[in-house]
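Only one structure is covered here, and it is reproduced in the block below.
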Amino acid sequence: DIRQQQNSEMENSSDKSPIVGEEESEYQDYPHGSERDQPRLSSVDLQSLDLPELKVYKRRWYILGLFGLLACHQCIVWNTFGPIESSTIYAYNWTNWEAAMMANWGCIMFVIFVVPLSKLAEKNLRLTVLIVSGCVAAGSVLRCCHAFTNSFVFLLSCHVCAILNGISGVTVMAAPPLISSHWFPPDERTTATSINQAANMLGNGLSMLIGPALVNVPPDCTPNNSSCPSKEEIRRDIDDYMYIHAAIAIIILLLFCVYFPSKPPLPPAPSSAIQRMEFWTGVKQIMRNKTALLLCFAYSMGVRVSRVIC
């Protein structure tokens, strides 16, 4: 009887104690820092997470290329008169201040519109892109008015174009990370963002080549020099340059109207479906982060120095 009682107690205690094999099947001994040093999730646990359906679309490269085209052309329009400054001074009697002010409008408008356009891009990226591409197209078309008006109206239209194009620069600089997070998986986002940023810088370089190739006045030219082209010839060359800008801007706007959704039907990664932080909350956190402030300072100094040199 005593032996039977001891055996029954051992059986009861074995039922209550964990089985080593079952415990090792859930928790395995992996090196510290490994992704597997956490408990394995069962199929029931994975279903409880309610993960969204994921899909990576091939059309993401079209979205990237179209926005990169806008970024490139926006910078070409921004730097229209810098490379041909001597020609505009010769043809329209502009001063150095008037030619430089065309580029300065971009920086001024960026400071004014960075907050409203950034918030609008978070809510509706398609609407934001349509607005800014429309600004580039409208401003470029306004500069084609010289054939129907006088030089003073042309100068005013150039200032209006610089203002509208400067407004669009906010989205051109701020939207690439948003496009990358919406359309690209995590391992492609750095590449996608870099392509868009490089496209904007490419426009700066192309304007240095295209402008002087289409509109060029020898440095020793004066109005009294008969061997130099006349002012009317240089004005026609500038008008042709404006027509090219306007045509490209209109084509880009039409392409955006045809197809450019804010985001794909299904996210490419779980992080793409996460609700973003509220705008002002994010600004406050950045202002308290010394590392983020140093990165912003380093980036802004590099960009501003390069723009001043150009």
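For the numbers below, each heavy atom of this structure counts, side chains included, while hydrogens, waters and symmetry mates do not.
With a 4.5 Å cut-off on side-chain heavy atoms, Leu206 and Cys72 count as touching. A heavy-atom distance below 4.5 Å is not found between the side chains of Cys145 and Leu142.
Taking CD1 of Ile234 as the reference point, atom SG of Cys228 lies at 9.0 Å (rounded to 0.5 Å). One distance of note links CZ of Arg236 with NZ of Lys231; it measures 14.5 Å at 0.5 Å rounding. In this structure, CG on Asn196 lies 12.0 Å from CG on Leu202, to the nearest 0.5 angstrom. Note that CG of Leu164 and CD1 of Ile131 are 12.5 Å apart. Values are rounded to the nearest 0.5 Å. Between the SG atom in Cys75 and the CE atom in Met173 there is a gap of 9.0 Å [rounded to 0.5 Å]. Note that CH2 of Trp94 and OG1 of Thr88 are 5.5 Å apart. Values are rounded to the nearest 0.5 Å.
There is a side-chain donor-acceptor pair under 3.5 Å between Ser180 and Thr193.
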Side-chain donor-acceptor contacts of residues 97-121 below 3.5 Å, not counting sequence neighbours, with atom names and distances?
from: Glu98; atom 1: OE1; to: Thr95; atom 2: N; distance (Å): 3.0
from: Asn104; atom 1: ND2; to: Ala100; atom 2: O; distance (Å): 3.4
from: Trp105; atom 1: NE1; to: His159; atom 2: ND1; distance (Å): 3.0
from: Ser118; atom 1: OG; to: Val114; atom 2: O; distance (Å): 2.5

Report, one line per pair, each donor and acceptor closer than 3.5 Å where one atom sits in a side chain of residues 58-68; sequence neighbours left out.
from: Arg59; atom 1: NH1; to: Tyr259; atom 2: OH; distance (Å): 3.0
from: Arg60; atom 1: NE; to: Glu188; atom 2: OE1; distance (Å): 3.0
from: Arg60; atom 1: NH1; to: Tyr57; atom 2: O; distance (Å): 2.8
from: Arg60; atom 1: NH2; to: Glu188; atom 2: OE1; distance (Å): 3.3
from: Arg60; atom 1: NH2; to: Glu188; atom 2: OE2; distance (Å): 3.3

Please table the atom pairs, donor to acceptor, closer than 3.5 Å between any side-chain atom in residues 243-252 and protein atoms at least two apart or in another chain.
from: His245; atom 1: ND1; to: Arg143; atom 2: NH2; distance (Å): 2.8

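For the residue pair Phe184 and Arg189, the shortest heavy atom distance occurs at O-NE, 2.9 Å.
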